[in-house]
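Worksheet: one structure, shown below.
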Amino acid sequence: MKRGIIVIILIIVISGLSFGQNTASVNGFVKDQTSGETLIMAHILLKGTTTGTATNTSGYYTLVDLQPGTYTLACTYIGYKRREITITLDPNQHLRFDIELVPEKLHLGEVVVRSKRQKEEERDIGVSQLETRLIYDTPFVQPDVLRALQLLPGVQASSDLSSGVYVRGGSPDQTLISLDETTVYNPTHFFGFFSTFNPDAVKNVRLYKGGYPAKFGDRIGSVIDIHYKDGNNKARENTISLGLLSSRLALEGPVKKGSWIITLRRSTLEPVLRTLNKYDPDIPENVYFWDFNGKVTLSPSKRDKLSLSFYSNSDYVKNTFEDSSTMHLRHGNNTGSMKWTHIFSQKIFSNFIAAGNYYYNVPRMLEAGTDYKRSNHIKEFTFKGNIEIIPNLHHEIDFGGLIGTREVALNDYYLQKKSYASSVSNVFADWYLQDTWYPSDHWKIEMGVRSNFYSSGNFLRFSPRGIIEYKPASFLQFQGAFGIYHQFLSLSENDQITGFDIWQSTSNGVNPMSGLQYLFGIKTRPFSNLTFDIETYYRDMRNLFELDPLIPDYSGLPYKQLFLFGRGYAYGLEITMQKQSKRLFTMVGYAYSISKRKFPGINHNEYYPSKYNRTNTFRVVFDYQLNRRWKFNTIFNFASGQPYTGPDGMTQIIHSPISSIVRQIMVINHINGKNMPDYHRLDLGFSRTGHFFGIGRSELQFQIINVYSHRNTWFYKYDFSGSMISRENIRLLPILPSISYTIKW
Amino acid sequence: MKQPIAKIVAFIFVTACSVANTNTFHPKYVVQAYLIADNNLPDIRLSLTVAPGQKYVQREVAVPDGIMEVRLLNEHNTIEETFRYDYVDNGMYHPETAARVLPGRTYQLLVTFAGNNTRITAQTTVPQSFKITYVPEDTVRYNQEDPIRMMATALPADLNSKYLFNVISQDSINLTPYYMTQLDIDSGKTPEWYYNVQSVILNDSYFSRSGNEIELRVPWNTIAFYGRNLIIPNVIDENLYDFIRSSNTSDENKQLSSGYINEIIYHIDGGIGIFGSMSRDSVFVYVKQ
C-alpha cells in the first residue's frame with residue numbers, strides 16, 4: 001500500500017516535471033500592504049487566460065507550467081483593492097513574486113475577477129468561508145467568531161446564550177476546532193456565552209460543514225479552521241476595546257525580518273456580579289475569564305518562515321450557595337507551537353509544526369464539609385508536517401502526517417479520597433494523501449485517504465474521501481462528495497455549562513466513532529454578483545460513545561462500563577443565496593435537518609431526536625454601506641422549536657424505607673418527544689467609523705437585539721412541590737440595546 | 001445549576017416566566033415494593049399515573065382489583081414458594097401470610113387482572129446481609145476533617161455492591177449549618193426530609209477493605225441535626241440502584257429543568273415503579289457541635 005502510494009507520487013511528480021521543461025512559473029505570498037499580514041484564499045489570475053489559483057493557509061500561491069511570455073497578474077481579495085501587475089517570464093524562469101494588496105475602505109462588495117478554477121474552489125462542497133468583517137458587523141453584545149458561524153445554514157446554536165456550534169446534526173465534539181493547526185478543546189468562556197477566540201487576532205475562519213478533505217482528521221462531523229494573524233510587520237498598531245462584559249487589547253508590530261502580536265481579553269463583569277451576589281447568593285461571587293495569544297513570526301529567508309505562538313484561555317467561577325456550600329469551576333486550554341514553513345521549490349511547499357496542548361477542567365463542590373472534586377485533562381504533544389506539490393496545472397498533491405502522544409485522564413475525589421482514576425495514554429500516528437485533479441475546465445476530482453493509528457486499543461483506521469465536481473456551464477456547478485471519518489475522543493457535555501464537560505478517549509473495549517457522509521450540491525451563479533446554492537447531505541454515525549450520565553459513582557468500574565454506546569444519523573437540505581455588490585451584502589439561508597440518536601435502553605431502544613435538532617431554520621443577513629462612515633445591518637433568524645423531554649404523566653413514591661417523604665416522579669414516554677415553540681428574532685445594527693482626536697481610528701457600534709422583543713423559550717422548569725407538576729417557561733432575552741466603542745491607533 | 005446562570009444573565013437580559021401545561025396522557029400501572037433482607041415480606045402498592053397537570057390523590061389512583069402474588073424462585077429460576085397478597089386500602093396489598101425475606105434469593109412479582117390479559121411482572125435479587133461490627137467513634141465532632149467511619153462485614157467484592165446511607169435524627173432540635181442555611185425561615189417549618197436524609201450511592205470499591213471487613217464512610221452532608229443520629233447503611237439491589245440514579249428529582253430538589261429530565265429505569269414489565277430490595281444494618285452516632 002505504502003509503496004504504491006510512493007510510486008503514484010513519483011509518477012505524478014516526475015511526469016509533471018518532465019512535461020514542465022522550458023516552461024516558467026511564478027510563486028510567492030499575497031500580503032496586506034499596510035500590515036504585511038499574509039492573506040488566505042486570495043485569488044491570483046493570469047489575465048486573459050483561465051489559469052489561476054488561490055493562496056493556501058500560509059498565504060502562498062504558485063502558478064506552474066506557464067509558457068514564457070508577458071502576462072498581467074491580477075490579484076483580488078475581498079476587502080482589498082484589486083491589483084494588476086505585468087510580469088515577463090523567460091524559459092525555465094521561476095519567478096518569486098510577493099504581491100501586496102491595499103485594503104479598501106468599503107470592505108464589502110468587491111466584484112472580483114477570478115479564474116474558473118478559483119470560483120469553484122471558493123464554493124467547494126460543504127465549505128463556508130467566513131468573512132472576518134462579518135464577525136464585527138454582526139456582533140451579539142460582543143463580536144464573536146463562533147456566533148458569526150451560527151448565521152450559516154446548517155449551523156445551529158443551543159440558545160441565544162450559547163456560542164457553541166452544532167453542525168449538521170452533530171454534537172459539538174464532532175466538530176474539530178483547529179487554531180493555527182492546533183486543536184482547541186475548550187472553545188467557550190463563561191458557561192458558553194463567548195467563544196475563546198479573540199476577534200482582534202482572527203485572520204481567517206473556514207468551516208467545513210461536511211465532506212472535509214483528508215488533511216483533517218479525528219472528527220466525524222465538521223471542521224472549523226481558524227488562523228490567527230501574524231502581526232503587523234510594517235508599523236506598530238494598538239487596538240483597545242472596552243465593554244461591560246469584557247475588554248480587549250491587541251498590540252502588534254514589526255521586528256527584524258518579522259512581526260509580533262499579542263492579544264489579551266479579560267472579563268470585566270466581576271464588580272457587577274459581586275454587587276448582585278450581595279442581594280442574591282445564587283449569583284456567583286467570583287467569575288472571571290481571560291484568553292491570551294502571542295505570536296512571533298520571522299522570515300529569515302525568502303524560502304523560510306518561522307513562527308512561535310502561544311495561546312491560553314482560562315475560566316474560573318466561585319459560588320457560595322449557602323454558608324457551608326461552595327462551588328469552584330476551573331477550566332482552560334493552553335497551547336504552544338513552533339511552525340517552520342519552507343518552500344523547497346516553486347512546486348513544493350511545506351509546513352512542519354511541533355505543538356503542545358494542555359486542556360484541564362476541575363470542578364469542585366464543597367458541601368457541609370463533604371468534598372467532591374473532579375479533574376479531567378488532556379495532555380498532547382504533536383509533531384506534524386505537510387507537503388504540497390503542484391507538479392503541473394492539472395494536479396495538486398497534498399500529503400503529510402503526524403505523530404504524537406496524548407493522555408486523557410479523569411480523576412474523581414470524594415470525602416478527601418480518590419474514588420476513581422482513569423488515564424488513557426496513547427501514541428497516535430496519522431498520515432494522509434490527497435490529489436486534486438483537473439482533467440479539464442469542466443471537471444475537478446479530489447481523491448484522498450487518511451489513516452489513523454491509536455496505540456491504546458491498537459486501532460488502525462482508513463478513511464477514504466472523495467469529491468467530484470462537474471461544471472457544464474459558467475453559471476452552473478454540480479458537486480458530489482463522500483467520506484469516511486473516525487473519531488477517537490468524545491465529549492460528554494453538560495447541557496449549558498462548559499465547566500462540567502468531560503473529554504474521554506477510546507481505549508480497549510471503547511471503539512472509535514466512525515461516520516460516513518454523502519453530500520450533493522448544485523451551485524449556481526445566475527448573475528455575476530449573485531449565487532444560489534443547494535446542498536443536501538446524509539450522515540451516518542456509529543460507535544458513538546459518551547459517559548453514562550446516570551452513574552453516581554465510578555469507583556471500581558471498568559473503563560468500558562462508564563460509557564453508553566449508540567449510533568445516529570442526520571440528513572438535510574440547505575439553500576443559500578448570497579448577493580454582493582459595491583455596498584450591499586445579503587445572505588438568505590434555509591436549512592431543513594433531521595438528526596436522530598439511538599442508545600440501548602433509552603427511548604425503548606428506538607431512535608429519538610437529538611436535543612440540538614431544529615427541523616427548519618431560516619436566516620437573512622443584510623449589510624449595507626450607507627456612505628464612507630455609516631453602515632447598517634440587520635439579521636432575522638427563525639428556527640423550529642428545539643426538542644426536549646417533558647413529563648407525560650406523574651406518580652408519587654410513598655412508604656419508601658429509604659426516604660421519609662412523598663416524592664413526585666415524572667413519567668416519560670419519549671426522549672425529546674416534545675418541541676419548544678418556534679424561535680424567531682430580528683436584530684438591527686448601525687456603525688460609524690471616525691477618528692479619535694487625531695490619534696487613531698474609531699468605530700462606534702449601536703445595536704438593537706430582538707427588535708420586536710419576542711420572548712423565545714430557553715427551557716422549561718418543572719415544579720414538584722405540590723401534588724401536581726407545574727411548568728414554568730423560562731424565556732430568553734427581550735429587546736436589548738447594545739453599544740460599543742473601539743479605538744485603533 | 002441553570003438557575004444561577006439564568007440569574008447571571010438576568011442582569012444583562014430580563015427574564016420572565018409563564019405557566020403552561022401539556023396534555024396527551026395514557027395512564028400506567030405503578031408498583032411500589034421494597035423487600036428488606038431478614039424482614040417480613042412488605043406491603044405492595046399498586047396505583048395509576050396521572051396527567052402532568054392533574055392533581056395526585058392517592059385514593060383516586062389506587063388500583064384495587066389486581067390479583068397479586070410474590071414468588072420465591074430457586075437457583076433454576078422456577079417457583080419454590082408463592083405468597084399471595086390481599087387488597088387492603090388506598091392501593092395497598094398485604095401478604096396473606098408473614099414470611100421472612102431471604103438474603104441472596106430472587107423474588108418475582110406477578111399482578112394479573114380478572115377479565116383481561118394485563119400482566120405486571122418484576123424480579124429482584126435480595127442483597128446479602130451484612131453487619132456493622134465496629135464504630136471507632138460513637139461520638140464525633142461535626143464536620144471534622146474525616147467523615148464518620150464504621151466497620152462492617154464485607155460482601156463479596158465481585159458483587160460490586162451499591163451502598164446508600166440513611167441518617168435519621170433522633171433529637172431533631174439543633175440543625176447543622178448547611179441545613180440551617182437552606183431552611184425557609186418564612187415557612188417556619190423544618191422540611192420533612194431533614195429527619196431522614198439519604199446519601200448519594202457509593203460503590204463497594206470506593207470503600208477500603210481489610211480482610212473480611214469494609215470501612216464505610218458517611219458523608220457529612222447527610223447530618224442534618226446535631227445530637228443522636230441513627231445511621232443506616234443500605235446495600236441496594238440493581239432495581240433500586242437504577243431507579244434511584246435515574247429518578248428525576250432528589251429529596252431536596254423540588255424543581256427540574258427540561259434539559260435534565262431523563263427516563264427512569266424501572267425493570268417492571270407491564271407498568272412502572274419499583275420492585276426493589278436491600279439489606280441494611282444501623283448504628284447510633286452522637287454528633288456534637
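What you see is a predicted model; the values in this text were computed from it and never measured. First the proteins, then the strands, lettered A, B, ... as listed; each starts at 1.
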Exercise. Mind listing the closest non-hydrogen atom pair of A/Tyr414 and B/Tyr206 along with its distance?
Key: O-OH, 2.8 Å
Quiz item: Between B/Gln198 and A/Arg663, which heavy-atom pair has the shortest distance, and what is it?
Solution: OE1-NH1, 4.3 Å
Self-check item: Nearest-0.5 Å distance, OH of residue A/Tyr716 to CD1 of residue B/Ile261
Solution: 11.5 Å
Quiz item: Quick one: are B/His26 and A/Asp648 in side-chain contact, heavy atoms under 4.5 Å?
Solution: no
Quiz item: chain B heavy atoms under 4.5 Å from A/Leu415: which part of the residue, side chain, backbone, both or neither?
Solution: both
Practice problem: Check whether B/Thr222 gets within reach of chain A through its side chain, its backbone, both or neither, counting any heavy atom under 4.5 Å. | Solution: neither
Quiz prompt | From CG (A/Asn669) to CZ (B/Phe25), nearest 0.5 Å | solution = 9.0 Å
Quiz item: Where does B/Tyr163 contact chain A at under 4.5 Å (heavy atoms): side chain, backbone, both or neither?
Solution: neither
Quiz item: Contact part of A/Ser656 toward chain B, heavy-atom cut-off under 4.5 Å: side chain, backbone, both or neither?
Solution: both
Quiz item: Rounded to the nearest 0.5 Å, how far does CD of A/Glu367 lie from CH2 of B/Trp220?
Solution: 14.5 Å
Quiz item: Closest approach of A/Gln652 and B/Arg45, non-hydrogen atoms and distance?
Solution: O-NH1, 3.4 Å
Self-check item: For chain B, the option from A/Ile671, A/Asp371, A/Asn672, A/Thr370 that forms the most heavy-atom pairs under 4.5 Å
Solution: A/Thr370
Practice problem: Please determine, by modelled atom types, if B/Tyr56 and A/Gln664 share a side-chain donor-acceptor pair under 3.5 angstrom. | Solution: no
Quiz prompt | Part of B/Tyr179 within contact of chain A (heavy atom distance under 4.5 Å) | solution = neither
Practice problem: Please determine, among B/Asn160, B/Ile201, B/Ile272, B/Val50, the option with the most heavy-atom pairs under 4.5 Å with chain A. | Solution: B/Val50
Quiz item: Heavy atoms, side chains only, cut-off 4.5 Å: are A/Pro552 and B/Arg245 in contact?
Solution: yes
Quiz item: Does any heavy atom of chain A fall under 4.5 Å from the side chain of B/Asn221, the backbone, both, or neither of them?
Solution: both
Self-check item: Least distance between heavy atoms, A/Pro647 atom then B/Pro52 atom
Solution: O-CG, 3.5 Å
Quiz item: What heavy-atom pair brings A/Leu550 and B/Ser246 nearest, and what distance separates the two atoms?
Solution: CD1-CB, 3.7 Å
Self-check item: Under 4.5 Å from a heavy atom of chain B, the part of A/Asp548 involved
Solution: side chain
Quiz item: Do the non-hydrogen side-chain atoms of A/Ile653 and B/Gln32 ever get within less than 4.5 Å of each other?
Solution: yes
Self-check item: chain A contact via B/Arg217 - side chain, backbone, both or neither, heavy atoms under 4.5 Å
Solution: both
Practice problem: Go through the atoms of A/Ile735 and report whether side chain, backbone, both or neither lie under 4.5 Å from a heavy atom of chain B. | Solution: neither
Practice problem: Enter the distance from A/Ile658:CD1 to B/Ile236:CD1 here, rounded to the nearest 0.5 Å. | Solution: 6.5 Å
Quiz item: Below 4.5 Å, heavy atoms only, C-beta onward: do B/Tyr241 and A/Ile551 meet side chain to side chain?
Solution: yes
Quiz prompt | Sidechain-backbone polar pair: B/Asn203 side chain, A/Gly556 backbone, donor-acceptor under 3.5 Å | solution = no
Quiz item: Tell me, side chain or backbone of B/Ile232 under 4.5 Å from chain A's heavy atoms, or both, or neither?
Solution: neither
Quiz prompt | Distance-minimising heavy-atom pair for A/Thr651 and B/Ser47 | solution = OG1-OG, 4.2 Å
Quiz item: Say you draw a straight line from NE2 of A/His604 to CD of B/Glu263; how long is it, rounded to the nearest 0.5 Å?
Solution: 5.5 Å
Quiz prompt | B/Ile168 versus chain A, the contacting section by heavy-atom distance below 4.5 Å | solution = neither
Exercise. Rounded to the nearest 0.5 Å, what's the gap from CE on A/Met666 to OG on B/Ser247? Could you check?
Key: 11.0 Å
Exercise. Answer whether the closest heavy-atom distance between the side chains of A/Pro657 and B/Ile36 falls below 4.5 Å.
Key: yes
Quiz item: Based on non-hydrogen pairs under 4.5 Å, which of A/Asn706, A/Ile654, A/Leu557 is most in contact with chain B?
Solution: A/Ile654
